[in-house]
Structure formats: C-alpha cells, structure tokens
Amino acid sequence: MKITKLFFGCVLFIGFITTAQNKNFTLDEIWGGAFRTESLQSLHGMQNGIQYSVLEKDQASGATNIEIYNYETGEKSKTLLSSSAIEGLASFQGYTFSKDENRILLSSELEQIYRRSSKGIYHIYDVASNGVFKVSEKKIQSPVLSPDGNKIAYVLDNNIYMLNFVTGQEIQLTDDGKKNEIINGITDWVYEEEFAVVTAFDWSADSNKIAFLRFDEKEVPEFSMDVYGNDLYQQQEVFKYPKAGEKNAKVSLFVADITAMTSDQIKLGAYKDFYIPRIKWTANPDILSVQVMNRHQNNLDLIFVDAKTKTPKIVLNEKDDAYIDITDNLTFLEDNSFIWTSEKDGYNHIYHYAETGTLINQVTKGNWEVTDYYGYDKKNKRIYYQSVENGIINRDIYSITLDGKDKKRLSTKEGVNEAEFSADFSVYINYFSNATTPYEFTLNDDTTGKIIREIKDNKALLVKLKQYDIRPKEFSTIEVNSETLNMWTIKPKDFDPKKKYPLLMYQYSGPGSQSVKNTWHTANDYWYMMLAQQGYIVACVDGKGTGFKGAKFKKATQNDLGNLEVQDQIAAAKQLGALPHIDASRIGIWGWSYGGFMSSNCLFKAPDTFKMAIAVAPVTSWRFYDTIYTERYLKTPQENAKGYDSNSPINFVDGLKGKFLLVHGSADDNVHVQNTMQLVEALVQANKQFDWAIYPDKNHGIYGGNTRLHLYNKMTNFIKENL
C-alpha cells in the first residue's frame with residue numbers, strides 16, 4: 001500500500017497548534033454559526049472601473065444600503081441608496097444595476113420555490129431622479145432589465161410580461177401559461193435543477209427583442225408530496241417531475257419583437273426529444289445563439305438564428321462518447337467571434353471561434369482543467385480564467401492573450417483563489433482561503449497579481465479558534481485500483497501511531513464532484529474535528545468519477561454509476577484498515593444524496609469491511625431520479641436496465657450485517673422520500689434491523705430552526721454507539 005503525504009497540511013499548522021488550547025467543538029456552536037466567516041455581499045464592479053458596490057445592513061436602523069467604495073483606497077465614496085429613503089420598503093435582499101447603471105432593480109419579500117427559483121416583490125430605483133416604483137403588486141419571477149435600462153421583462157403565473165418605463169406601456173407577451181401545463185420564460189423543475197438555469201428568456205442587444213422558451217409539460221408525469229404543516233389536514237404539493245425514461249416537457253423557442261408587436265416560433269430543425277439548455281443573444285442584435293442537445297446529452301449543436309429571416313444555422317457541433325457539460329462560458333466579442341470551453345481534447349479548455357464557427361485557436365492547453373472563465377479584456381486582448389494547473393486540490397487565477405500566448409499566473413498563495421474583476425479588468429478582488437486560512441479578500445493588480453490592498457479578512461475568527469483543539473486536514477494520495485486518488489485525513493490530538501483508532505469515511509463521489517479540496521472549513525469540517533477530539537480518525541477519498549483530473553477519469557463511471565466508485569471506497573477502506581493505527585473492525589462511512597447512495601452500497605456490498613453507515617437523503621434507485629441528470633450518465637432504463645439495477649442499494653439489502661442509519665426529509669422535491677420508503681420496505685422484507693428518521697416538511701437540505709442541530713446530534717450519537 002502506498003499513501004503519500006502532499007503539500008503542507010501539517011507543516012503550516014505547527015505554529016498554530018503550539019498556541020492552541022484544548023477547548024472542544026460542540027454541535028450547538030457549529031450549527032449556531034459560531035464559526036461563520038465574514039464575506040463581501042452582492043459585490044458589483046461599477047462601469048467606471050474605479051469603484052464597486054456592496055450590500056450592507058445598518059445594524060442600528062435595520063435599513064439596507066447600497067454602498068459605493070473606491071477600489072484603490074477602500075474608502076466609501078457614498079451611500080448610493082438606502083431602503084430608509086423608500087416609502088413602504090424597510091429593506092431589500094438584492095439588487096441589480098441596468099447596463100448603464102442609471103436604474104437599479106431591488107428585490108424584497110423573496111419566497112423560495114425550488115433550489116434556484118424564487119418569486120418576490122421588485123422595485124425600480126432611478127438613480128438620476130431618486131424615483132422609485134413597484135414593478136407589480138404581485139410577486140413575480142425572474143425580472144430582467146433591458147440593456148438600455150428602459151424596459152423590464154418578467155414572469156407572472158407562467159406568462160411573460162414587458163414593461164416600458166419611458167412610455168408606461170405594459171405588454172403581456174404570452175397568455176397560455178398554466179401551472180403544470182404551460183410555462184413561458186422560466187424553466188421547468190428538471191431544467192432548473194440539472195441545467196442550473198431558471199430564467200428562460202433573453203433581451204437582444206438593442207433592447208427591441210426578447211427570445212424565450214416555452215415548456216409544454218402536459219404529458220410529463222406528476223409527482224406529489226404531502227406538506228403537513230400545523231393544520232388539521234395536510235396539503236398536497238403536485239408538480240411535474242420527469243423520472244428517468246419518462247416523457248420530458250416539449251420545449252420550443254420564440255422571438256418576440258417589441259417594436260413590431262410580433263411573436264414568432266423558431267423552427268430549429270428536425271430535432272426529436274431534445275433539450276435547449278441555453279439561449280443567448282450575440283453581439284449582433286439580430287443574431288440569437290441557441291444550444292440544442294439530444295436526450296443522451298452527447299451531441300450538442302450551437303445554432304445561430306437570424307431574427308429577421310427566422311433562419312437557423314448550425315455553427316458548431318460537439319460530440320462525446322459519454323456526455324457534454326453545459327456552462328455559461330459562451331462569450332461573444334465585438335466582431336461576433338466567440339469564446340467557448342470544451343473537453344474535446346480530454347481536459348476542459350478555452351477555445352476561440354470565428355462567427356462562422358471556424359476554430360481560430362485553442363487558447364489554453366495542457367493536462368489540467370480550466371475550472372472557471374472570468375471574462376475577456378478587449379482593450380488588452382487578454383482572457384482571465386481559473387484552473388488547477390497547480391494541483392487539482394488548489395485553484396489559481398491566470399491571464400492569457402487571446403492567441404494563447406503570454407500566460408501569467410496572477411495568484412500566489414497555495415489554496416483556492418477566486419476572482420471578481422472590475423468592469424475594465426484593471427483590478428480584481430481575490431477571494432482566497434486554504435485549509436489553514438479563512439477567507440481573505442484583497443484587491444489585486446490585473447497585470448501582475450500583486451496585492452494593492454487588503455479589503456477584509458477573518459483574522460478575528462483565527463484568534464477565536466486558538467481556544468480550540470483544531471484538528472488539521474492532512475492531504476495525501478492513496479493508490480487504489482491502479483489509480484492515484486486524493487485524500488485528506490483528520491486525526492485525534494496526541495495521535496499515537498501505536499494505538500488503534502476507529503475510522504469514519506466521508507465521501508460524495510458524484511460525477512465531476514470534488515470533496516478533497518484545499519479550502520477553508522465547512523460546518524462539516526468542524527464536526528469532523530469534534531469527532532477527532534473524541535478519538536475518531538476521519539478520512540475522505542475522491543474516487544473514480546470525481547472531477548478535475550480530465551474527462552477520462554471523470555467519465556470512467558459512465559453507464560455504471562455506483563460500481564467503480566463503490567469499489568474505490570471499499571478498497572480505500574481496506575487499505576486504511578491495514579494501517580497499524582486503524583482498527584479495521586471499526587470502519588464506518590457516511591454521505592448525503594449521491595453520497596448516501598454510495599454509503600448504502602458500501603455497507604451492503606462490503607459487510608465485512610464497514611461496521612456502520614449513515615445515508616442522508618440517498619438515491620436508492622436511479623429509476624426514481626430525474627431524466628436530465630440520470631440519463632446523462634446512465635442513458636434510459638429502457639436502454640440500460642443493468643446500469644440502473646446492478647448497483648441499486650434496494651437490490652443488495654441481504655448483505656446488511658452492520659448498523660445502518662437512514663435519514664430523509666419528507667418534502668424533498670429533488671431526491672424524493674420515495675427512495676427511502678422503497679429501501680425501508682426492502683430492508684423490512686429482508687428482516688434487517690436498522691435505524692431511520694424522517695424530517696417532516698424538510699427538503700433535500702434538511703434544515704430550518706433546530707433541524708440541522710437535531711440531525712447532527714442523531715448522527716453523532718449513532719457513530720458513538722456503533723463505531
């Protein structure tokens with residue numbers, strides 16, 4: 001067995017640990033927010049390139065303010081807007097500037113719908129006149145200001161509306177919207193969850209046209225959830241949810257011309273059973289870009305539609321043996337050439353294409369992944385991006401010329417660096433953290449990366465943590481099934497290699513995910529430290545199918561989810577169990593969602609390796625999950641029944657020998673509680689004893705009030721009693 005220590009996990013902690021005290025973490029502190037970090041809220045780089053705005057709350061009055069700061073000095077220039085000056089608006093939760101920054105869209109009374117969607121009350125603030133008006137008396141969805149700032153489009157009751165501030169004209173662009181039947185301008189449940197998009201319309205550059213998607217979901221099967229609340233009778237939430245192999249909504253594309261008062265459907269071609277994951281107007285106000293993908297998600301067409309002639313033209317096609325990831329990286333330059341990211345050479349990289357779709361050049365190259373695209377500086381013809389060139393558990397910021405030359409690494413600290421650039425790309429705010437440093441925010445020069453000034457840090461949190469017995473993450477690699485896998489380990493204080501310790505493994509393991517990352521602590525990390533303080537070793541291994549090591553590694557699990565990933569966790573557990581300081585008879589594993597699917601399989605398939613497992617909100621059969629996510633990796637159940645059933649925990653309950661805790665929220669709209677109920681029934685019929693808990697009216701996140709505290713108390717007690 002080969003386990004190799006990496007990076008700096010222990011070294012940097014020497015000075016920190018020597019001054020540390022012995023205070024133990026508690027769940028009340030962890031979930032009460034005692035170790036929460038400070039951040040910059042709703043930052044917006046102003047168009048002048050020298051100022052930025054942030055959202056701040058006046059603690060004394062409770063008012064919400066948009067404050068303007070100078071990048072270079074950090075001094076506050078002015079308070080642009082305060083809710084205290086707006087009658088009937090005590091505070092607001094978010095803001096969006098028009099392109100010219102003459103108007104601001106304010107959101108308040110936001111009501112969450114699903115993971116990314118919400119509806120709320122919106123006001124428009126006119127900077128020049130200090131005038132304010134409410135967009136609608138009703139709660140609306142996805143309001144978007146036009147590029148010229150004179151209009152707004154939004155969705156109400158599944159229909160699109162447009163309001164012209166200058167003329168006062170309001171137009172209802174669609175009238176057939178109906179819940180669970182027709183949706184205009186916003187996405188259905190599965191697009192929102194899996195394509196990470198809610199707003200399904202876009203303004204043209206000249207503010208005269210709106211392209212939008214229409215979803216006909218009449219034939220999509222319905223799913224229902226009981227919401228119990230406090231009333232005598234429960235309510236039932238019914239929504240369209242296409243499970244793997246079932247019918248999707250029929251999606252169609254329209255272009256509404258505001259000036260001509262017309263709305264026309266665009267025929268994209270002879271596509272059948274397809275997705276439109278993205279629409280976006282190009283720099284040319286008459287050319288709309290449309291991404292069309294087949295149901296298997298391994299064939300993508302980028303189409304340019306001429307809004308005048310309604311003619312579509314395929315300018316780019318991508319194919320993949322497994323699947324193609326959808327991103328928001330498509331960027332149009334002034335000449336309508338475009339920047340695109342792709343895994344076509346085996347790693348995610350940046351490409352530059354002509355308006356015709358002809359490849360101009362591959363901008364970035366190498367056996368590493370571009371992990372974020374920040375934008376293009378047209379003045380200096382440079383692209384800014386984030387990548388894992390400095391090791392996949394780290395993130396660094398780079399710049400490179402459009403022709404792929406003169407690459408510069410801007411970030412210098414080892415860990416995770418993220419960037420927020422000014423509008424003119426002259427400076428950027430660097431968001432940095434690593435496993436020993438809580439978030440730091442600095443202003444940096446765009447050319448050299450040199451720090452101009454410090455904006456905010458979390459040194460006060462570091463001082464507070466000196467009272468505690470901090471347990472550091474030790475980063476390493478482990479050789480498993482002919483692969484070198486990344487791993488972190490947290491050990492008890494006064495670790496003695498001659499003693500034997502119980503081991504708790506955490507993993508997620510979903511396609512393209514990453515759990516081993518050199519970043520600051522999450523709430524779970526404090527929990528792991530708490531367990532280490534109580535004598536447990538906690539470890540995490542990113543197995544095959546996880547991300548940022550190239551397409552081959554990520555897509556190794558294609559058509560067979562839960563096979564190779566489970567083998568990797570079992571093999572890692574066996575190798576760790578062979579270490580002299582690990583008690584091989586006391587190894588447990590836990591995970592949430594995909595991780596719950598994994599932990600269940602590990603316990604059932606390797607009963608002699610794992611003593612216990614916890615599965616929170618697990619998928620127990622991919623037949624119960626949605627079309628877009630599941631079919632991306634498994635195709636349909638009709639085509640690949642074996643891929644669905646060979647690794648379903650439901651089919652392996654006979655293997656249960658250890659202790660098993662199963663947890664779910666009854667109102668989980670994502671991974672339905674049906675998954676847990678089916679597994680419970682299988683366990684009962686196999687006469688297997690287990691523990692389980694259902695949290696009433698809680699969604700996939702299982703939170704609210706004391707819910708998380710209760711859950712983690714339950715899991716902690718289960719671990720202490722059974723491991």
Side-chain angles (χ1 to χ4, degrees), residues 193-196 244 275 277 291 293-301 316-327 329 340-351 362 364-373 387-388 392-393 477 480-486 507-517 541-572 591 593-595 597-598 601 619 622 625-637 639-648:
E193 178 66 27
E194 308 302 355
F195 286 143
Y275 299 113
Q291 296 181 41
M293 181 179 272
N294 65 334
R295 183 155 177 165
H296 283 166
Q297 300 171 67
N298 59 6
N299 191 324
L300 173 67
D301 286 335
L316 180 68
N317 172 260
E318 284 218 4
K319 293 183 175 68
D320 192 281
D321 290 338
Y323 60 89
I324 297 166
D325 280 319
I326 295 297
T327 73
N329 295 334
W340 180 263
T341 54
S342 171
E343 291 181 315
K344 66 181 183 178
D345 77 344
Y347 294 87
N348 192 49
H349 281 296
I350 300 171
Y351 296 79
Q362 182 174 344
T364 61
K365 298 176 183 177
N367 295 338
W368 45 268
E369 302 256 316
V370 170
T371 46
D372 205 349
Y373 164 78
S387 79
V388 294
I392 77 159
I393 71 167
T477 60
V480 172
N481 295 329
S482 303
E483 292 281 0
T484 302
L485 305 181
N486 287 330
Q507 46 65 62
Y508 178 75
S509 301
S513 65
Q514 185 178 41
S515 297
V516 182
K517 191 174 179 180
V541 177
D542 274 341
K544 280 186 282 293
T546 55
F548 312 110
K549 298 180 78 171
K552 182 179 179 182
F553 186 87
K554 181 175 73 172
K555 297 173 181 178
T557 60
Q558 189 69 10
N559 296 323
D560 199 20
L561 295 184
N563 179 14
L564 297 180
E565 314 99 300
V566 170
Q567 289 183 33
D568 281 350
Q569 296 300 318
I570 294 171
S593 194
Y594 198 105
F597 162 72
M598 289 287 298
N601 268 328
V619 173
W622 290 106
Y625 203 55
D626 71 58
T627 50
I628 293 178
Y629 183 93
T630 313
E631 294 171 11
R632 180 186 301 153
Y633 310 118
L634 288 175
K635 296 189 172 69
T636 65
E639 297 168 289
N640 182 24
K642 182 180 178 182
Y644 281 78
D645 300 331
S646 293
N647 301 303
S648 166

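Remember, predicted model here, so these are calculated numbers, not experimental data.
In terms of heavy-atom proximity, Tyr594 sits nearest to Gly562 at OH-N, 4.0 Å. Residue Gly595 comes nearest to Gln507 through the heavy atom pair O-NE2, 3.2 Å, listed as atom of the first residue, atom of the second, then distance. Nearest heavy-atom pair across Gly550 and Glu369 is CA-OE2, 3.2 Å. Scanning both residues, Gln569 and Gly543, for their nearest heavy atoms gives NE2-N, 4.2 Å. Nearest heavy-atom pair, Glu565 versus Ser509, reported as atom, atom and distance to 0.1 Å: CG-O, 4.1 Å. Shortest non-hydrogen contact noted between Gly643 and Leu634 is O-CD2, 3.8 Å.
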Walk me through it: do Met293 and Tyr323 pass the test side-chain contact (heavy atoms from CB on, under 4.5 Å)? CA-CA 10 Å; Met293 181 179 272; Tyr323 60 89; over 6 Å; no
Quick one: do Lys544 and Asn481 satisfy side-chain contact (heavy atoms from CB on, under 4.5 Å)? Show the steps, please. CA-CA 10 Å; Lys544 280 186 282 293; Asn481 295 329; 3.7 Å; yes
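Asn601 CG to Asn647 CG: the interatomic distance, rounded to the nearest 0.5 Å, is 6.0 Å. Going from atom CG of Leu561 over to atom CZ of Phe597 covers 6.0 Å, rounded to the nearest 0.5 Å. Separating the OH atom in Tyr644 from the CG atom in Asp560 is a distance of 12.5 Å, to the nearest 0.5 Å. Here the CG-CG distance, from Asp568 to Leu485, works out to 5.5 Å after rounding to the nearest 0.5 Å. Rounded to the nearest 0.5 angstrom, Tyr347 OH and Phe553 CZ are separated by 11.0 Å. We find the CD-OG1 distance between Gln567 and Thr557 to be 12.0 Å, quoted to the nearest 0.5 Å.
Contact check on Lys549 versus Asp542 returns no salt bridge, with no Lys/Arg side-chain nitrogen under 4.0 Å from an Asp/Glu carboxylate oxygen.
Within the 3.5 Å criterion, the main-chain N or O of Pro277 finds no donor-acceptor partner in the side chain of Gln291. Here the side chain of Asn640 pairs a donor or acceptor atom with the backbone of Asn559 at under 3.5 angstrom. With Asn348 contributing its side chain and Val370 its backbone, the two residues share a donor-acceptor pair below 3.5 Å.
For the salt bridge (Lys or Arg N to Asp or Glu O under 4.0 Å) test with Asp325, the passing option among Arg632, Lys555, Lys554 is Lys554; the others fail. Of the residues listed (Gln297, His296, Arg295), the one engaging Glu631 in a side-chain hydrogen bond (donor to acceptor under 3.5 Å, both in side chains) is Arg295, and it is the only one.
A 4.5 Å side-chain heavy-atom check between Gln514 and Thr546 finds every atom pair outside the cut-off.
In this structure, Lys344 is positioned above the aromatic face of Tyr351, its NZ or CZ under 6.0 Å from the six-membered ring centre and within 45° of the axis.
No side-chain N or O of Asp320 forms a donor-acceptor pair with one of Asn298 less than 3.5 Å apart.
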